[in-house]
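First the structure, in the form of structure tokens, and then the observations on it.
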Amino acid sequence: MGADLLSELNEPQREAVVHVDGPLLILAGAGSGKTRVLTHRAAYLISEKRVPPYNILAVTFTNKAAKEMKNRVGELIGPRADLVWISTFHSLCARMLREDIAALGYKRSFTILDESDQVAAIKKCLDDLNISGDMFKPKSVLSEISSAKNELTGQEEYMAGARDPRTRTIAQIYEAYQGILERDNALDFDDLIMLAVRLLREHPEILGKWQDRFRYLMVDEYQDTNHAQYILVKLLASKSRNLCVVGDDDQSIYEWRGADIRNILDFERDYPDARVVKLEQNYRSTQNILDAANRVIARNKGRKEKSLWTSRGPGSMIAVYSAENERDEGRFIADEIQRLASAEGRKYRDFAVLYRVNAQSRAIEEVFLNRGMPYKIVGGLKFYERREIKDVLAYLRVIENPEDSLALERIINVPRRGIGDATLGIAQKFAAEAGASLYQGVELAAKSPDTPNRAKNGLVQFLELIQGLVSKKGKATVSQLVEMVLENTGYIRELEREQTLEAEGRIENLRELLTVTQEFEARQSQNVAENEEESDGSMNIGAFLEEVSLLTDLDRADLSDDSITLMTMHAAKGLEFPVVFMAGMEENVFPLARSAHDDRSLEEERRLCYVGITRAKDRLYLVHAVTRMIYGSTMVNSPSRFLGEVPEDLLVDAMYERRTAWGRSGLRTPTVAPGIGTPARTLGMRPQAVLKQSKGKAQRIQSRAGHASAGYSAGDHIRHAKFGEGTVVAVTRGGDDWIITIAFPEGGIKHFAQGFAPMEKI
């Protein structure tokens, strides 16, 4: 078995797999087979070193990646793979807390709030504290609290460190928010890791139990770990020190959500005796694509030296297209997809269009829609965020944990049953006076002689409904419970009475939810059979809710159907496509304007560019527009500095390549419609010359705008009626008017339509 396990690995991969004891850092470049190394290492520990599978823990960031790892280990060693702990950080902590959270004063039946539930809780806090939601946006406040939790900063510590009025107000909201969670026996995503760390720190006997359980730890995507995850891993590994981390500092792109690149860069400081293995052979892309990625990322200073290579050969040149505007950009991408689909027999699913911000997709979508080209956007409205799905899940949450007040408030009058705001207010008042959950408030209001009869009747009927459903917990499967909810509440009947296409679509979504529950039950039954457990996992409503709540965007994304994928470069990490278009390769778009003068932010933007480039297997297109209408303003930007960092000998003008390809095929060269494509005089030019021409064109547009707009030009000083004095930094055309971009010392950068702006030149 040992020889078979190692035979398909290259030398650095073998070195990583056979390193058993002590810390190990695997620097795995994009497409270098890191999952193969992790799965073979787990199999090697079990089959060759006789490590019990339940003593191995492998942690990654998505359920999809965890499932793939478990399947691949199973292919190598069979059913023993089911005993290996392979999960996401959040799933791992949820399982640990289910066993031991009582030590922190919580009940094991805690529920996990999704983002919309968290926002609802913040809004309630703002109302209770009489704080303006305009001054303190709920999502912004939630982000601040999340950042604090990622740094393991509790509400008391956060309050103690508040130094200004805004931070002190957020500290008040944080305290009230945690009060709601504790009252409802609920956790948010960040609590899962924060409380797990607290559990291990405060209870040595519990820490010892988990350290003995996990004698060998492997952490995937280590560059994406935040401080809380870093401490969790350090605690679990501190006894055995058999810690293997895998990652690529060049793909650290999540600082905005707490990821700390120092965790991987400083691993050898934390573990001076660590073995370091570099995986530099890429199995995904052609050498031209890798050379472009290598040269771009080499500009970063904060990185560990590595250089990707492949045995696939040079492959196609990297195509550059200079579009007139965002509409021309979309037309070019659509043209090229249709051409390659015809000439090379490619499927639509072979293509991905990547962009820096979601707003860029609009112009591309319009072209695809007009041409009937199928596409999907990863990160659109998610199945589990649809109203009807959240309603049914809220019922399941109340069945599992009646103290979940947020879920109860959502469904107390859904479908409508005569419990309006006034009746709800009565129950909330009883709950507040008793310091209890909303469910207990409903019970108190239903018994009180002070409650009006009409309100009391509605509350009594609701309690009977919920109690009837709760009585089935542990006896009925999750699917049966969902069917009971839909039938007993009259949810489906109300939708059927609407007789609208929207209602029909919602009914179809609810039927799809039953497909989800049945698949869950099939997996649970299989696990029970393989592990010879007595409990019936198919009836574990808590496990189902936990699984749903911990799904990530990529777990929900279905990339198997034959359609073009549109997504941000952040969302594309971990994926690969035969043909990739990177759209919006312009200064102020990519990199973002705010990153241009901050070295740390600029390096992260460059890492994001590296990620985008290395998603491509066979063909890569870098597309930029001379002018772009976005966020209601027309921008005139130079080509991205990242585009200029790709060596000229790797690039080819996309239109020249297209003409050459059609010539080789023996077909007539297609006529380019007016306004589409690079001007004819650029055909055959080297891409850097095209870029230079594009820069010159942008400058000429700026210049023409400055001279043709009633005297406004860059550098002019103006006085605005609202913002005071400022300096003109750009003048561009926007529809039938001129857009004047002005920098104000106090107000920042503002864009105005000249015909409507109350301003004058000084």
Side-chain angles (χ1 to χ4, degrees), residues 57 59 61 87-106 110 112-113 115 118 121-122 125 140-163 167-168 170-182 186-211 214 217 219 221-239 243 245 247 252 254-267 269-271 550:
L57 168 66
V59 187
F61 277 82
S87 71
T88 65
F89 272 102
H90 291 96
S91 295
L92 165 68
C93 291
R95 290 179 69 179
M96 293 170 64
L97 292 172
R98 291 290 178 200
E99 284 195 30
D100 295 316
I101 198 170
L104 299 178
Y106 288 80
F110 63 82
I112 303 170
L113 304 187
E115 184 180 359
Q118 295 171 51
I122 294 292
C125 294
S140 177
V141 172
L142 192 59
S143 177
E144 295 274 357
I145 293 173
S146 176
S147 296
K149 291 184 177 183
N150 286 337
E151 292 296 321
L152 299 176
T153 303
Q155 65 266 36
E156 294 178 0
E157 187 180 354
Y158 190 89
M159 177 69 82
R163 295 288 181 266
T167 308
R168 284 194 289 272
I170 292 175
Q172 287 182 282
I173 302 169
Y174 187 178
E175 184 177 41
Y177 173 69
Q178 285 304 114
I180 289 177
L181 297 186
E182 290 170 11
L187 311 181
D188 63 20
F189 291 150
D190 302 308
D191 284 329
L192 290 172
I193 298 174
M194 187 177 182
L195 290 181
V197 170
R198 182 181 153 200
L199 186 69
L200 299 180
R201 280 176 163 174
E202 295 180 3
H203 299 275
E205 73 285 359
I206 294 177
L207 171 62
K209 179 185 79 170
W210 291 107
Q211 287 176 333
F214 303 134
L217 285 78
V219 183
E221 305 286 9
Y222 193 64
Q223 78 281 348
D224 292 336
T225 52
N226 60 33
H227 179 67
Q229 292 161 339
Y230 165 79
I231 295 297
L232 176 73
V233 170
K234 197 168 185 179
L235 285 167
L236 291 173
S238 60
K239 184 175 181 179
L243 173 62
V245 302
S252 179
Y254 295 122
E255 183 177 4
W256 51 275
R257 70 181 189 195
D260 191 343
I261 193 173
R262 293 173 298 180
N263 292 347
I264 191 167
L265 293 178
D266 295 343
F267 185 81
R269 183 200 65 189
D270 291 342
Y271 303 92
L550 296 179

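What's counted below: heavy atoms across the whole structure, side chains too, no hydrogens, waters or symmetry copies.
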Next item on the list: Quick one: list whatever passes ring-ring contact (aromatic ring centres under 6.0 Å, His included) with Phe214, sequence neighbours left out.
Entry: Trp85, Trp210
Check: Can you find a heavy atom in the side chain of Ile264 that is under 4.5 Å from one in the side chain of Ser252?
Finding: no
Notebook entry, point to check: Of all heavy-atom pairs between Ala228 and Leu152, which one has the smallest distance, and what is that distance?
Noted result: CB-CD2, 3.6 Å
Next item on the list: For residues Leu142 and Glu115, report the shortest heavy-atom separation together with the two atoms involved.
Entry: CD2-O, 4.4 Å
Item checked: Nearest-0.5 Å distance that lies between atom CG in Leu232 and atom CZ in Arg201 -> 10.0 Å
Next item on the list: Output yes when a side-chain donor or acceptor of Asp270 lies under 3.5 Å from a complementary backbone atom of Phe267, and no otherwise.
Entry: no
Check: Can you tell me how far the CZ atom of Arg98 sits from the SG atom of Cys93, to the nearest 0.5 Å?
Finding: 12.5 Å
Notebook entry, point to check: Any donor and acceptor pair, going by atom type alone, linking the side chain of Gln229 with main-chain N or O of Asn150 inside 3.5 Å?
Noted result: no
Next item on the list: Give the minimum heavy-atom separation between Ile170 and Glu144, together with the two atoms involved.
Entry: CD1-CG, 3.9 Å
Check: Would you say Leu207 and Lys239 make side-chain contact, with heavy atoms under 4.5 Å?
Finding: no
Notebook entry, point to check: Tyr158: what forms a ring-ring contact (aromatic ring centres under 6.0 Å, His included) with it, not counting sequence neighbours?
Noted result: Tyr174
Next item on the list: Decide yes or no for Leu200 and Ile231: does some side-chain heavy atom of the first lie under 4.5 Å from some side-chain heavy atom of the second?
Entry: no
Next item on the list: To the nearest 0.5 angstrom, please state how far the CG atom of Asp191 sits from the CZ atom of Arg198.
Entry: 10.0 Å
Next item on the list: With side chain to side chain contact (heavy atoms under 4.5 Å, CB included) as the test, would you mind laying out the steps for His203 and Asp100 before giving the verdict?
Entry: CA-CA 10 Å; His203 299 275; Asp100 295 316; over 6 Å; no
Check: When rounded to the nearest 0.5 angstrom, what is the spacing between CD1 in Ile112 and CD in Gln118?
Finding: 10.5 Å
Check: Atom CG of Leu97 and atom NE2 of His90: how far apart are they, to the nearest 0.5 Å?
Finding: 11.0 Å
Item checked: Validation row: Phe110, Leu192 side chains within 4.5 angstrom (heavy atoms) -> yes
Notebook entry, point to check: At their closest point, which heavy atom of Leu235 faces which heavy atom of Gln211, and how far apart are they?
Noted result: O-NE2, 2.8 Å
Next item on the list: Please tell me if the side chains of Gln172 and Met159 come closer than 4.5 Å, counting only heavy atoms from C-beta onward.
Entry: yes
Check: Does Glu99 CD have over 12 foreign heavy atoms under 6.0 Å away?
Finding: yes
Check: Taking it one step at a time, do Tyr177 and Asp188 satisfy side chain to side chain contact (heavy atoms under 4.5 Å, CB included)?
Finding: CA-CA 10 Å; Tyr177 173 69; Asp188 63 20; 2.8 Å; yes
Notebook entry, point to check: Got Ile261 and Glu255 here, is their nearest side-chain heavy-atom distance under 4.5 Å?
Noted result: no
Notebook entry, point to check: Got a second to check how far Leu243's CG is from Lys234's NZ, nearest 0.5 Å?
Noted result: 10.5 Å
Checklist line | Distance-minimising heavy-atom pair for Thr225 and Tyr222 | finding: OG1-O, 2.7 Å
Checklist line | Check: Leu187 and Ile101 side chains under 4.5 Å, non-hydrogen atoms | finding: yes
Next item on the list: Kindly write out the residues that satisfy ring-ring contact (aromatic ring centres under 6.0 Å, His included) with Tyr230, not counting sequence neighbours, or none if the list is empty.
Entry: none
Next item on the list: Just do the side chain to side chain contact (heavy atoms under 4.5 Å, CB included) check on Gln178 and Glu156 with the steps written out, would you?
Entry: CA-CA 11 Å; Gln178 285 304 114; Glu156 294 178 0; over 6 Å; no
Margin query: Would you say that more than 12 heavy atoms from the other residues, nucleotides or ligands in this model lie under 6.0 Å from the CZ of Arg262, or not?
Written below: no
Next item on the list: Evaluate the criterion side chain to side chain contact (heavy atoms under 4.5 Å, CB included) for residue pair Asn263 and Val233; output intermediate values, then yes/no.
Entry: CA-CA 11 Å; Asn263 292 347; Val233 170; over 6 Å; no
Note to self: Would you say that Thr153 contacts Glu157 through its side chain, given a criterion of any heavy-atom pair below 4.5 Å between the two side chains?
What the structure shows: yes
Check: How close do Asn226 and Gly258 get, heavy atom to heavy atom, and via which atoms?
Finding: CB-O, 3.1 Å
